[in-house]
Chemist: 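This is the structure, below, for whatever I ask next.
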Protein chains: 2
Amino acid sequence: MARIALSAAKLAVEQGLVATTVDRIAEDARVSRATFFRYFPSKECAVADGLTRPFLDPVIDALARQPSHLPAIEAILAAFDEAACTQTREAAELTRASATLSAWTLSHHQRYEQTIADLITPRLTETDAGPRLIAALVMAAVRLSVEDWLDQGGPLPQHLHRTLRSAACRQ
Amino acid sequence: MARIALSAAKLAVEQGLVATTVDRIAEDARVSRATFFRYFPSKECAVADGLTRPFLDPVIDALARQPSHLPAIEAILAAFDEAACTQTREAAELTRASATLSAWTLSHHQRYEQTIADLITPRLTETDAGPRLIAALVMAAVRLSVEDWLDQGGPLPQHLHRTLRSAACRQ
DNA sequence: GCCTAAAATGAGACTATGTCTCGTAGTGAA
DNA sequence: TTCACTACGAGACATAGTCTCATTTTAGGC
């Protein structure tokens, strides 16, 4: 599953989204065409998955490893700091160039949002907002940071840190 | 354009997403197949657009009509209160049943997010977060409210009000 | 180690989606 | 009217996405 997504993303970055057919992806991942569609409902879903994983999976891992006494916001900030943001400009620009790819990327973000919500639930106090709302705010910050990063340049971690801080200090 | 989207949504609600082909949509909207694809990159994009418009366009209109002295959060709350939330359960459940439809709906939400950001920019003070972050929080609240509404029942406006308040009181 | 049930995969046919090119019809300005 | 421009339609085409069934792989009891 992950192998298929990573093949899809690799080919899409190398040759463009249009030139990357499902047959080529399946061949590269050493599965049949039928198996591809058993795991992904569309070509763009697989590409978006493969582009998103290397960026956000490390963040989730880091978040899960944070000491349990840390409040939610602090744990999230630490997780993003620890995970070296390996997002490439090529990947981000490829995503932005296709409406379909953008839509599927948002869909995957929603999955990460749910994961983050689950991970921070035990860290929340009475006065905090609901976990899903906070997680949605985090993913929105990620999305806006990548946008700013593409438009204005500079290091992505700096954009991330600033936007997350701006979201967090509203506690 | 809007006519095509509304035809697509109508047919999808009536006969299901799979049974609704692009040819039927184009026929219903009295345009050719080629014209359909000139306005929408995919069938699901059109259906999602048609399902989203009747729900969120009135909110945008109401927000634009709010007196300019109102702070952003108050204007948003008032806009959602004024616009009778005409979202139907059928539409929401159709959206949730298809991953592709959900993805495109998120994409349209992002468009509304940008519109909201533009409308509240003049209402923001120094201490507020950026307009896009606030707008993202609003759309996240909408999404989570619809989710709760489907799962737990009760009137949608009530869910909306509660979630938006929860997001707003973190100012 | 072998057998069986269940799950995962592959092969291939089939329909619908999405792209492209080109010809035609409106629309507005000089 | 004429010209340029834009929107639309027709139809061919490649590929996406679905379906069915045969085959392989896997897991677990004996």
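Chain letters run A, B, ... following the sequence lines, proteins first, then strands; residues in each count from 1. Note that the coordinates shown come from a computational prediction; the quantities given were computed from them, not determined experimentally.
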Chemist: For a quick test of reading the model: is some side-chain N or O of Tyr39(A) closer than 4.0 Å to OP1 or OP2 of dA8(C)?
Modeler: no
Chemist: Ignoring hydrogens and geometry beyond distance, is a side-chain donor-acceptor pair present between Thr35(B) and Ser32(B) at under 3.5 Å?
Modeler: yes
Chemist: Encode nucleotides 14-25 of chain C as B, S and - characters from 5' to 3', where the letter depends on protein heavy atoms closer than 4.0 Å: B to the base, S only to sugar-phosphate, - to neither.
Modeler: ---BBB------
Chemist: Indicate yes or no for a side-chain donor-acceptor contact from His161(A) to the backbone of Leu156(A) under 3.5 Å, with no hydrogens or angles considered.
Modeler: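 Not at all, since once roles are kept as given, no pair shorter than 3.5 Å links the two residues.
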Chemist: Does a side chain donor of either Glu82(B) or Gln66(B) reach within less than 3.5 Å of an acceptor in the other side chain?
Modeler: yes
Chemist: Answer with yes or no whether the side chains of Ser166(A) and Thr163(A) bring together a donor and an acceptor at under 3.5 Å.
Modeler: no
Chemist: Under the 3.5 angstrom rule, does the side chain of Arg89(A) hit a backbone N or O of Trp149(A) as a donor-acceptor pair?
Modeler: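 Yes: the side chain of Arg89(A) pairs with the backbone of Trp149(A).
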Chemist: Given atom CE of Met1(A) and atom P of dA8(C), what is their separation to the nearest angstrom?
Modeler: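 Those two atoms, CE and P, are 12 Å apart.
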Chemist: Please determine whether a side-chain nitrogen or oxygen atom of Ser32(B) lies at a distance below 4.0 Å from atom OP1 or OP2 of dG9(D).
Modeler: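 Answer yes for this pair, as a side-chain N or O of Ser32(B) is under 4.0 Å from OP1 or OP2.
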